[in-house]
Amino acid sequence: TLLGSFLTDESFDQVSLAEVWATRFPTAPEPPKPGTPFLVFLWEGNLTAGQFPAAVARGTSPGGRFFDSLWPQASRKRIESYMVTLLYKALQALLYLHSAGLVHRSIGTSSLMVNTVDDRMASNLVVKLRDFGFCKPTSALIGGDDLTRARKAGASAPSEISNFFFSEDIYSLGYTFCELVFSSLVA
């Protein structure tokens with residue numbers, strides 16, 4: 001998410017900055033000159049849904065294990081709430097992608113970026129799709145082996161072919177979600 005931008009000022013022209021720049025970024029070119037634009041982005045972290053089962057196994061807070069041992073049903077309800085929210089928001093993200101006419105084609109636990117793996121924070125959970133290396137517009141899939149697979153499955157009209165590719169993403173998301181649920185139950 002872009003937060004804003006700024007232009008570098010005269011302090012970027014100082015020798016001391018050039019020295020610090022060279023030690024901290026040895027492989028980078030020289031520091032930017034005054035007047036160079038910088039874009040400021042929100043750091044959204046690098047947590048994925050695949051890290052949630054390990055977080056469940058560790059416990060969520062220092063006293064969490066003690067209280068969870070007294071009220072195990074509360075822990076299960078928190079985990080259930082987190083998983084339901086995760087699925088709902090992941091489906092929303094996938095719906096957004098599909099409404100733009102794109103197919104992800106490689107959804108897995110690492111494709112779901114989350115802002116937290118703390119089950120107490122389910123109401124604040126943000127889920128985003130990532131890893132778009134195999135993503136394609138549906139119009140690019142109408143040909144070759146992809147079209148052959150869709151036709152073998154019974155799709156003939158363009159909307160049916162698109163729905164075939166969308167359903168593959170939904171199937172992958174369902175499989176991913178099953179993996180998360182069952183690995184969280186083991187924890």
Side-chain angles (χ1 to χ4, degrees), residues 1-67 78-79 81-141 169 172-173 176-177 179-180 183-184 187:
T1 306
L2 181 65
L3 295 178
S5 63
F6 69 93
L7 297 176
T8 57
D9 59 10
E10 299 81 30
S11 63
F12 277 73
D13 218 9
Q14 297 176 3
V15 175
S16 59
L17 177 76
E19 292 169 355
V20 171
W21 184 276
T23 58
R24 293 212 175 148
F25 310 109
T27 59
E30 61 186 46
K33 302 290 182 207
T36 303
F38 270 77
L39 299 177
V40 181
F41 290 93
L42 174 68
W43 170 248
E44 297 171 331
N46 58 358
L47 295 173
T48 65
Q51 294 167 302
F52 179 68
V56 169
R58 283 192 312 269
T60 55
S61 63
R65 285 190 182 270
F66 174 72
F67 290 113
R78 281 194 323 268
I79 293 169
S81 174
Y82 183 93
M83 297 301 278
V84 167
T85 304
L86 176 65
L87 176 62
Y88 178 73
K89 292 191 175 187
L91 281 169
Q92 283 182 319
L94 191 60
L95 175 65
Y96 179 80
L97 187 71
H98 288 173
S99 67
L102 299 170
V103 183
H104 192 281
R105 301 181 68 197
S106 67
I107 294 176
T109 56
S110 64
S111 301
L112 300 174
M113 188 172 79
V114 295
N115 63 331
T116 182
V117 290
D118 187 347
D119 56 14
R120 296 171 298 169
M121 303 294 289
S123 61
N124 297 328
L125 183 65
V126 176
V127 179
K128 295 183 178 183
L129 285 174
R130 67 178 197 176
D131 301 335
F132 293 102
F134 294 104
C135 184
K136 286 188 178 180
T138 54
S139 59
L141 297 170
D169 274 355
S172 296
L173 183 61
T176 299
F177 197 68
E179 180 182 343
L180 290 170
S183 57
S184 296

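Computed from heavy atoms alone, side chains included, the values below leave out hydrogens, waters and symmetry copies.
The distance from atom CG of Leu102 to atom NZ of Lys136, rounded to the nearest 0.5 Å, is 12.5 Å. Taken to the nearest 0.5 Å, the SG atom of Cys135 stands 15.0 Å off from the CZ atom of Arg130. Distance check, rounded to the nearest 0.5 Å: CG of Leu129 to CD1 of Ile107 gives 5.5 Å. With rounding to the nearest 0.5 angstrom, the CG atom of Asp119 is 12.0 Å from the CG atom of Leu86.
Judged by distance alone, the side chain of Ser111 and the main-chain N or O of Ser106 form a donor-acceptor pair under 3.5 Å. The main-chain N or O of Thr48 is found under 3.5 Å from a side-chain atom of Gln51 such that the two form a donor-acceptor pair. In terms of modelled atom types and a separation under 3.5 Å, the side chain of Thr109 and the main chain of Ala49 share no donor-acceptor contact. The backbone N or O of Arg78 sits nowhere less than 3.5 Å from a side-chain atom of Ser81 that would complete a donor-acceptor pair.
Ring centroid separation for the pair Phe132 and His104 comes in under the 6.0 Å cut-off.
In this model, a donor atom of one side chain and an acceptor atom of the other lie less than 3.5 Å apart for Gln92 and Tyr88. Side-chain atoms of Asp9 and Ser11 form a donor-acceptor pair, as typed in the model, at a separation below 3.5 Å.
Nearest heavy-atom pair, His98 versus Asp169, reported as atom, atom and distance to 0.1 Å: NE2-OD2, 2.9 Å.
A 4.5 Å side-chain heavy-atom check between Leu125 and Asn115 finds at least one atom pair inside the cut-off. Using a 4.5 Å heavy-atom threshold, the side chains of Pro32 and Phe38 count as touching. A heavy-atom distance below 4.5 Å is not found between the side chains of Leu112 and Phe52.
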